[in-house]
> 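Handing you a structure now.
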Amino acid sequence: MGSVLSPSDRAVDYVPETVTRSVKLLVAGNFGVGKTTFVSSVSEIKPLRTEETITEASVGVDDMAGLPGKSQTTVAMDFGRITLSPKLALYLFGTPGQQRFVPLWEELARGALGALVLVDTRRIEKSDEVLSVLEERGVPYSVAVNQFEGAQHYPLEEVRDALDLEPGTPLTSLDARDRGTCLRSLITLVEFLFHRLESRL
């Protein structure tokens with residue numbers, strides 16, 4: 001895939017002249033799974049965030065179970081960019097996690113080559129809806145388990161079985177705060193998508 005820009009290069013706010021191809025990717029997942037943190041960790045530009053403080057109006061609308069410390073939520077999208085190789089730039093669009101924003105997911109999915117779906121094993125059943133939305137719209141995806149501090153870690157094959165993933169669907173683990181593990185999951189997704197495209201040629 002080529003060399004990835006080091007953290008010291010992250011101040012660059014323009015696309016390098018060597019870039020000849022760009023790809024739009026979604027970073028999806030249910031409410032509170034770490035999408036905003038992920039985009040912030042990998043983006044080489046200052047990420048665009050559309051977070052608002054969670055208010056009492058969310059009670060009974062957004063499922064806050066298992067998220068006692070969450071005080072903000074994405075209401076439109078997160079946006080970041082990373083130059084994955086000298087010739088390839090990825091544009092990352094983090095989707096809001098609440099079910100009421102499904103119409104916005106549909107707009108964000110237009111032109112997306114694929115999606116990285118973040119999963120929280122403490123609320124793994126919440127991932128089903130996100131996976132269904134992507135499958136219904138024909139968006140190929142890979143899955144990454146966000147290893148939250150203090151949460152029980154499960155073997156990836158157990159997670160695969162719990163999510164009923166197709167055998168060919170890539171499954172990785174990461175810490176959304178750690179750029180290295182996030183990049184590995186992104187590279188896995190990109191390789192999967194490009195191999196998928198090549199097989200259709």
Side-chain angles (χ1 to χ4, degrees), residues 24-43 47-80 91-110 112 114-137 139-154 156 158-165 169-179 181-182 185-186 189:
K24 177 183 180 180
L25 297 175
L26 299 182
V27 179
N30 58 281
F31 184 51
V33 79
K35 301 179 296 294
T36 298
T37 302
F38 177 93
V39 173
S40 296
S41 291
V42 300
S43 181
L48 168 67
R49 294 179 170 185
T50 57
E51 290 193 309
E52 294 292 342
T53 301
I54 295 173
T55 65
E56 291 184 8
S58 293
V59 177
V61 177
D62 298 327
D63 184 0
M64 302 293 291
L67 302 170
K70 188 167 178 62
S71 61
Q72 291 190 312
T73 184
T74 299
V75 295
M77 67 175 182
D78 299 309
F79 173 77
Y91 291 90
L92 307 176
F93 291 78
T95 64
Q98 299 94 317
Q99 194 276 339
R100 57 195 166 106
F101 290 120
V102 167
L104 182 55
W105 299 357
E106 295 175 348
E107 290 301 317
L108 290 176
R110 292 182 190 277
L116 178 65
V117 181
L118 301 188
V119 170
D120 179 355
T121 56
R122 300 170 300 179
R123 299 177 297 131
I124 198 164
E125 73 285 352
K126 300 293 184 183
S127 303
D128 292 339
E129 182 178 16
V130 176
L131 297 177
S132 295
V133 168
L134 293 173
E135 290 168 0
E136 288 169 5
R137 286 150 185 80
V139 179
Y141 60 83
S142 67
V143 176
V145 178
N146 190 5
Q147 304 285 10
F148 283 89
E149 189 173 344
Q152 184 174 347
H153 292 188
Y154 297 91
L156 290 181
E158 288 188 19
V159 177
R160 180 180 294 278
D161 290 342
L163 293 172
D164 194 25
L165 297 178
T169 302
L171 177 62
T172 58
S173 65
L174 56 80
D175 179 336
R177 302 166 297 180
D178 176 65
R179 192 169 194 254
T181 58
C182 292
S185 291
L186 266 181
L189 169 63

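In this chain, numbering begins with 1 at the start of the sequence shown.
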> If you measure from CG on Asp78 to OG1 on Thr36, what distance do you get to the nearest 0.5 Å?
3.5 Å
> Could you pull out the closest heavy-atom pair between Asn30 and Arg123, with the gap in Å?
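That closest heavy-atom pairing would be ND2-NH1, 3.3 Å.
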> Nearest heavy-atom pair of Val42 and Cys182: which atoms, and what distance?
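Here Val42 and Cys182 meet closest at CG1-CB, 3.3 Å.
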> Is NZ or CZ of Lys24 both nearer than 6.0 Å to the six-membered ring centre of Phe93 and within 45° of the ring axis?
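Here Lys24 passes the 6.0 Å and 45° test against Phe93.
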> Indicate the atoms forming the closest heavy-atom contact of Leu108 with Gly94, along with that distance.
CD1-O, 4.4 Å
> Could you pull out all residues at least two apart from Asp161 that satisfy side chain to side chain donor-acceptor pair (under 3.5 Å)?
none
> If the condition is side chain to side chain donor-acceptor pair (under 3.5 Å), which residues does Thr172 pass it with, not counting sequence neighbours?
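Per chain and number, Thr172 pairs via side chain to side chain donor-acceptor pair (under 3.5 Å) with Ser185.
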> Who are the side-chain contact (heavy atoms from CB on, under 4.5 Å) partners of Ala151, not counting sequence neighbours?
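If we apply the side-chain contact (heavy atoms from CB on, under 4.5 Å) test to Ala151, skipping adjacent residues, the hits are Arg122, Phe148.
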> Please name all residues satisfying side-chain contact (heavy atoms from CB on, under 4.5 Å) with Asp128, sequence neighbours left out, ordered by chain then number.
Leu163
> Please enumerate all residues that pass side chain to side chain donor-acceptor pair (under 3.5 Å) together with Thr121, with sequence neighbours excluded.
none
> Assess the residue pair Leu118 and Leu116 against the criterion (side chain to side chain contact (heavy atoms under 4.5 Å, CB included)); give the C-alpha distance rounded to whole Å, side-chain angles, the decisive distance to 0.1 Å, and a yes or no.
CA-CA 6 Å; Leu118 301 188; Leu116 178 65; 4.2 Å; yes
> Has the side chain of Arg137 got a donor or acceptor atom that lies under 3.5 Å from a matching backbone atom of Val133?
yes
> Determine the minimum heavy-atom distance between Ile124 and Ala162, stating which atoms define it.
CD1-CB, 3.9 Å
> Would Leu186 and Leu25 satisfy side chain to side chain contact (heavy atoms under 4.5 Å, CB included), going step by step from the backbone distance to the final call?
CA-CA 9 Å; Leu186 266 181; Leu25 297 175; 4.1 Å; yes
> Taking Ser173 for the side chain and Val145 for the main chain, is one N or O donor matched with an acceptor at less than 3.5 Å?
no
> Check whether any side-chain heavy atom of Phe38 sits under 4.5 Å from a side-chain heavy atom of Asn146, and report yes or no.
no
> Can you tell if the side chain of Val143 reaches within under 4.5 Å of the side chain of Leu171, non-hydrogen atoms only?
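Yes; the side chains approach each other to less than 4.5 Å.
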> Just to verify, what does Tyr141 make a ring pair (Phe, Tyr, Trp, His ring centres under 6.0 Å) with, not counting sequence neighbours?
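Scan of Tyr141 (ring pair (Phe, Tyr, Trp, His ring centres under 6.0 Å), adjacent residues dropped) gives none.
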> Would you name the heavy atoms of Leu189 and Ala115 that are closest together and state the gap between them?
CD1-O, 3.5 Å
> With no hydrogens and no angle check, is any side-chain donor or acceptor of Lys35 less than 3.5 Å from a backbone partner on Gly29?
yes
> Which residues satisfy the salt bridge (Lys or Arg N to Asp or Glu O under 4.0 Å) test with Glu125, sequence neighbours excluded?
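Salt bridge (Lys or Arg N to Asp or Glu O under 4.0 Å) check on Glu125 returns nothing, list empty.
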> Find the distance between OG (Ser142) and CG (Leu165) and round it off to the nearest 0.5 Å.
10.0 Å
> Could you tell me whether Arg110 and Glu107 have a side-chain N and a carboxylate O separated by less than 4.0 Å?
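Glu107 and Arg110: salt-bridged.
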> Who are the side-chain contact (heavy atoms from CB on, under 4.5 Å) partners of Arg177, not counting sequence neighbours?
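Testing Arg177 for side-chain contact (heavy atoms from CB on, under 4.5 Å), a comparison that skips the adjacent residues, returns Thr37, Glu149, Asp175.
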> Find the distance between CZ (Arg179) and OG (Ser40) and round it off to the nearest 0.5 Å.
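Going from the CZ atom of Arg179 to the OG atom of Ser40 covers 12.0 Å.
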> What are the two closest heavy atoms between Ala176 and Gly34, and how far apart are they?
CB-O, 3.8 Å
